[in-house]
Amino acid sequence: QVQLVESGGGLVQPGGSLRLSCVASGFTMDDYAIGWFRQTPGDEREGVSCINSERSDGRTSYGDSVKGRFTISRDKKTVFLQMDTLKPEDTGVYYCVGYTGNTCTDLAGPDKYRNVEIWGQGTLVTVSS
């Protein structure tokens with residue numbers, strides 16, 4: 001069974017940090033681009049970050065709201081999202097996604113879901129004092 005499983009969510013105070021992890025089963029994660037989306041109640045899912053496969057160039061991309069605060073990385077079996085200087089507006093359910101190819105597509109705009117093939121079940125991040 002092909003799936004992605006996220007972990008690492010939780011409650012953190014503003015200014016704090018969390019690290020999310022995403023592990024794949026049923027396919028070789030290292031061959032594909034992997035990204036993160038998030039969703040807050042009443043809002044559309046927002047592209048957060050993405051990383052090309054190592055077979056491509058490992059290039060990373062970030063949504064404007066998280067640039068300079070979040071860092072995506074990967075090893076052969078896990079993709080990580082290091083989230084620093086967290087803000088209350090970062091609260092939401094974070095989803096790990098797998099793309100059909102080894103290169104990320106745009107995180108914003110009408111094509112943000114293009115080539116997204118697999119969604120994880122999500123992990124809740126709450127930033128609150």
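Since we're looking at a predicted model, the values are computed, not measured. Counting begins at 1 with the first residue of the sequence.
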Trainee: Could you tell me the separation between the OG atom of Ser21 and the NZ atom of Lys77, rounded to the nearest 0.5 Å?
Mentor: 14.5 Å
Trainee: Would you please test Leu4 and Val79 for side chain to side chain contact (heavy atoms under 4.5 Å, CB included) and show each step?
Mentor: CA-CA 10 Å; Leu4 296 169; Val79 170; over 6 Å; no
Trainee: Any heavy-atom pair between the side chains of Gln3 and Trp119 that's under 4.5 Å?
Mentor: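 No, every pair of side-chain atoms sits at 4.5 Å or beyond.
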Trainee: State, yes or no, whether a side-chain contact exists between Pro14 and Pro88 at a heavy-atom distance under 4.5 Å.
Mentor: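 Yes. Closest side-chain heavy atoms under 4.5 Å.
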Trainee: Going by atom types only, do Thr105 and Asp111 share a side-chain donor-acceptor pair under 3.5 Å?
Mentor: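 Note: Thr105 and Asp111 side chains miss the donor-acceptor criterion.
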Trainee: So, do Trp36 and Phe70 have ring centers that fall under 6.0 Å from each other?
Mentor: no
Trainee: Among the clusters formed by ILVMFWY side chains lying less than 4.5 Å apart, do Tyr113 and Tyr99 turn up in the same one?
Mentor: yes
Trainee: If Ile, Leu, Val, Met, Phe, Trp and Tyr residues are connected whenever their side-chain heavy atoms lie under 4.5 Å apart, and connections chain through other members, are Leu107 and Ile51 in the same group?
Mentor: no
Trainee: How long is the span from the CE atom in Met29 to the SG atom in Cys22, to the nearest 0.5 Å?
Mentor: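 The SG atom of Cys22 is 4.0 Å from CE of Met29, to the nearest 0.5 Å.
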Trainee: Are Asp106 and Arg114 within salt-bridge range, i.e. N to O under 4.0 Å?
Mentor: no
Trainee: Does a donor on one side chain sit under 3.5 Å from an acceptor on the other, for Glu117 and Asn115?
Mentor: no
Trainee: Following the transitive rule for hydrophobic clusters with a side-chain heavy-atom cut-off under 4.5 Å over Ile, Leu, Val, Met, Phe, Trp and Tyr, establish whether Val23 and Phe80 coincide in one cluster.
Mentor: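 Val23 and Phe80: separate clusters.
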Trainee: For Lys76, is there an ion pair with Asp30 - N to carboxylate O distance below 4.0 angstrom?
Mentor: yes
Trainee: Fit a plane to each ring of Tyr32 and Phe27, take the angle between them on a 0 to 90° scale, and name the class: parallel (under 30°), tilted (30 to 60°) or perpendicular (over 60°).
Mentor: perpendicular
Trainee: OG of Ser17 to CZ of Arg69: how many Å apart, nearest 0.5 Å?
Mentor: 10.5 Å
Trainee: I'd like to know if Arg55 and Asp31 make a salt bridge, using a cut-off of under 4.0 Å between side-chain N and carboxylate O.
Mentor: yes
Trainee: Is the closest side-chain donor-acceptor distance between Gln121 and Glu6 under 3.5 Å?
Mentor: yes
Trainee: Among Lys87, Arg38, Glu89, find the one that has a side-chain hydrogen bond (donor to acceptor under 3.5 Å, both in side chains) with Ser65.
Mentor: Arg38
Trainee: Consider only side-chain heavy atoms of I, L, V, M, F, W and Y, link residues closer than 4.5 Å, and tell whether Val127 and Val66 are in one cluster.
Mentor: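 Linked within one cluster.
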Trainee: Should Leu81 and Arg19 be marked as a side chain to side chain contact (heavy atoms under 4.5 Å, CB included) after you check the CA-CA gap, both sets of side-chain angles, and the distance that decides it?
Mentor: CA-CA 6 Å; Leu81 184 68; Arg19 189 174 82 155; over 6 Å; no
Trainee: Are Leu18 and Ile72 grouped together when hydrophobic residues (ILVMFWY) are joined by side-chain heavy atoms under 4.5 angstrom apart?
Mentor: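 Yes, one cluster joins them.
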Trainee: Let me confirm one number: the SG-CD1 distance from Cys104 to Ile34, rounded to the nearest 0.5 Å.
Mentor: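 Here the interatomic distance stands at 8.5 Å.
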Trainee: Look up atom CD in Glu46 and atom CG in Asp90, then write down how far apart they are to the nearest 0.5 Å.
Mentor: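 Rounded to the nearest 0.5 Å, the CD-CG separation comes to 8.5 Å.
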Trainee: Check the pair Leu20, Thr123 against side chain to side chain contact (heavy atoms under 4.5 Å, CB included), reporting the backbone distance first and the verdict last.
Mentor: CA-CA 8 Å; Leu20 305 183; Thr123 185; 4.0 Å; yes
Trainee: Would you give the length of the straight line joining atom CG of Leu86 to atom OG1 of Thr126, rounded to the nearest 0.5 angstrom?
Mentor: 11.0 Å
Trainee: With the side chain counted from C-beta on, respond yes when Tyr62 and Val48 share a heavy-atom pair under 4.5 Å apart, and no when they do not.
Mentor: no
